[in-house]
**Q** 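Please find one structure pasted underneath; my questions will follow.
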Amino acid sequence: MRIEFAEHTLVALAIQIIVGLLTRNWWAGALLACGYFIGRELAQAEYRWIEQFGHGLRANAPWWAAFDLKVWTKADQFADVIGPIIATSALTWVMLRRDRRPRT
């Protein structure tokens, strides 16, 4: 897989940490970070669909073009979405468990 997979995950975690520390809402940070990367990958998939099946015209793309599995051909395309989701969910889980732990 490309290094970009790790970059996406690290950037998503950085965004989540900033939002989480500022707001104490770890889910908000996770949703913001994951929303960015999901949107980015869907936009890229839509452009691939337009190139391959839409004769280069956005007007030819149906609403579901970005979700067509024919344009999601590489594992790293899925990893660029799944990596940030897993990492930010794990960090949220850790931080929420830490906040609920009794203090001594």
Side-chain angles (χ1 to χ4, degrees):
M1 276 189 225
R2 300 178 314 204
I3 289 292
E4 190 175 319
F5 162 71
E7 288 175 1
H8 286 187
T9 301
L10 293 174
V11 171
L13 287 170
I15 291 169
Q16 181 186 23
I17 290 168
I18 291 168
V19 172
L21 290 174
L22 292 175
T23 67
R24 306 310 274 162
N25 187 337
W26 295 96
W27 280 119
L31 291 173
L32 178 67
C34 291
Y36 172 77
F37 286 110
I38 291 168
R40 182 178 185 275
E41 292 305 317
L42 287 174
Q44 289 178 350
E46 184 177 36
Y47 285 122
R48 288 192 301 271
W49 194 98
I50 291 167
E51 268 184 40
Q52 294 175 22
F53 306 110
H55 307 291
L57 299 174
R58 178 178 287 286
N60 292 337
W63 68 267
W64 47 265
F67 301 101
D68 189 346
L69 292 179
K70 289 184 268 184
V71 296
W72 291 83
T73 57
K74 298 177 184 167
D76 62 342
Q77 294 165 341
F78 289 101
D80 288 344
V81 172
I82 294 168
I85 292 171
I86 291 171
T88 57
S89 295
L91 180 58
T92 299
W93 183 79
V94 166
M95 295 308 291
L96 292 178
R97 284 189 52 88
R98 193 188 100 190
D99 289 344
R100 290 187 186 134
R101 193 176 52 188
R103 306 212 189 250
T104 57

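Only this structure's heavy atoms are used, side chains among them; waters, hydrogens and symmetry mates stay out. The model shown is predicted, which means the values in this text are computed figures rather than measured ones.
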**Q** Does atom CH2 of W64 have more than 12 heavy-atom neighbours, drawn from other residues, nucleotides or ligands, at distances under 6.0 Å?
**A**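 Check passes, neighbour count above 12.
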**Q** Of all the heavy-atom pairs spanning T9 and P84, show the shortest one and how long it is.
**A**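 Shortest heavy-atom separation between T9 and P84 comes out as OG1-N, 3.8 Å.
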**Q** So, for P62 and W49, which heavy atoms are closest and what is the spacing to 0.1 Å?
**A**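 Looks like CD-CH2, 3.3 Å.
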**Q** Does one hydrophobic cluster hold both I38 and L31, with members joined at side-chain heavy-atom distances below 4.5 Å?
**A**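 In one cluster with I38: L31, no.
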**Q** Sub-3.5 Å donor-acceptor pair from the side chain of Q16 to the main-chain atoms of T88, do we have one?
**A**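 Looks like yes, one N/O pair under 3.5 Å.
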**Q** Please answer: with hydrophobic residues joined when any side-chain heavy atoms are less than 4.5 Å apart, are I18 and V94 in the same cluster?
**A**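 No: no chain of side-chain contacts under 4.5 Å links I18 to V94.
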**Q** How many angstroms lie between atom CG of D76 and atom CD1 of I82, to the nearest 0.5 angstrom?
**A**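 Here the interatomic distance stands at 11.5 Å.
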**Q** Specify the closest pair of heavy atoms between R48 and Q77, including all atoms of both residues, with the distance to one decimal.
**A**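 Taking R48 first and Q77 second, the nearest heavy atoms are CZ-NE2, 3.3 Å.
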**Q** Which class fits the ring pair W72 and F78: parallel under 30°, tilted 30 to 60°, perpendicular over 60°?
**A**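 Because their plane-to-plane angle lies in the 30° to 60° range, the rings of W72 and F78 count as tilted.
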**Q** I need the minimum non-hydrogen distance between A66 and A45, along with the two atoms involved.
**A**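 Closest approach of A66 to A45, heavy atoms only: O-CB, 3.5 Å.
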**Q** Would you compute the distance between atom OH of Y36 and atom NE2 of H8 and round it to the nearest 0.5 angstrom?
**A**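 Between Y36 OH and H8 NE2, I get 7.5 Å after rounding to 0.5 Å.
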**Q** Spell out, yes or no, whether V71 and L69 are grouped together once hydrophobic residues are joined by side-chain heavy atoms under 4.5 Å, including indirect joins.
**A**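 They do share one cluster, since a chain of ILVMFWY contacts under 4.5 Å joins V71 to L69.
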**Q** Rounded to the nearest 0.5 Å, how far apart are CD1 of I15 and SG of C34?
**A**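 Reported value, rounded in 0.5 Å steps: 9.0 Å.
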**Q** Can I86 be reached from L13 by stepping across I, L, V, M, F, W or Y side chains whose heavy atoms are under 4.5 Å apart?
**A**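 Different clusters: L13 never reaches I86 through Ile, Leu, Val, Met, Phe, Trp or Tyr contacts under 4.5 Å.
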**Q** Decide whether L21 and L91 are clustered together by the hydrophobic rule: side chain heavy atoms of Ile, Leu, Val, Met, Phe, Trp, Tyr closer than 4.5 Å, transitively.
**A**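 Yes.
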**Q** So if I apply the side-chain contact (heavy atoms from CB on, under 4.5 Å) rule between V19 and each of L22, I17, T23, which one comes out positive?
**A**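 Answer to the side-chain contact (heavy atoms from CB on, under 4.5 Å) test with V19 among L22, I17, T23: T23.
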**Q** To the nearest 0.5 Å, what is the distance between CH2 on W26 and OG on S89?
**A**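 The OG atom of S89 is 13.5 Å from CH2 of W26, to the nearest 0.5 Å.
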**Q** For atom CD of Q52, decide whether the heavy atoms of other residues, nucleotides or ligands shown that lie under 6.0 angstrom number more than 12.
**A**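 Above 12, so yes.
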**Q** Once you round to the nearest 0.5 Å, how far does CG of D80 lie from CD of E41?
**A**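 D80 atom CG to E41 atom CD measures 4.5 Å (nearest 0.5 Å).
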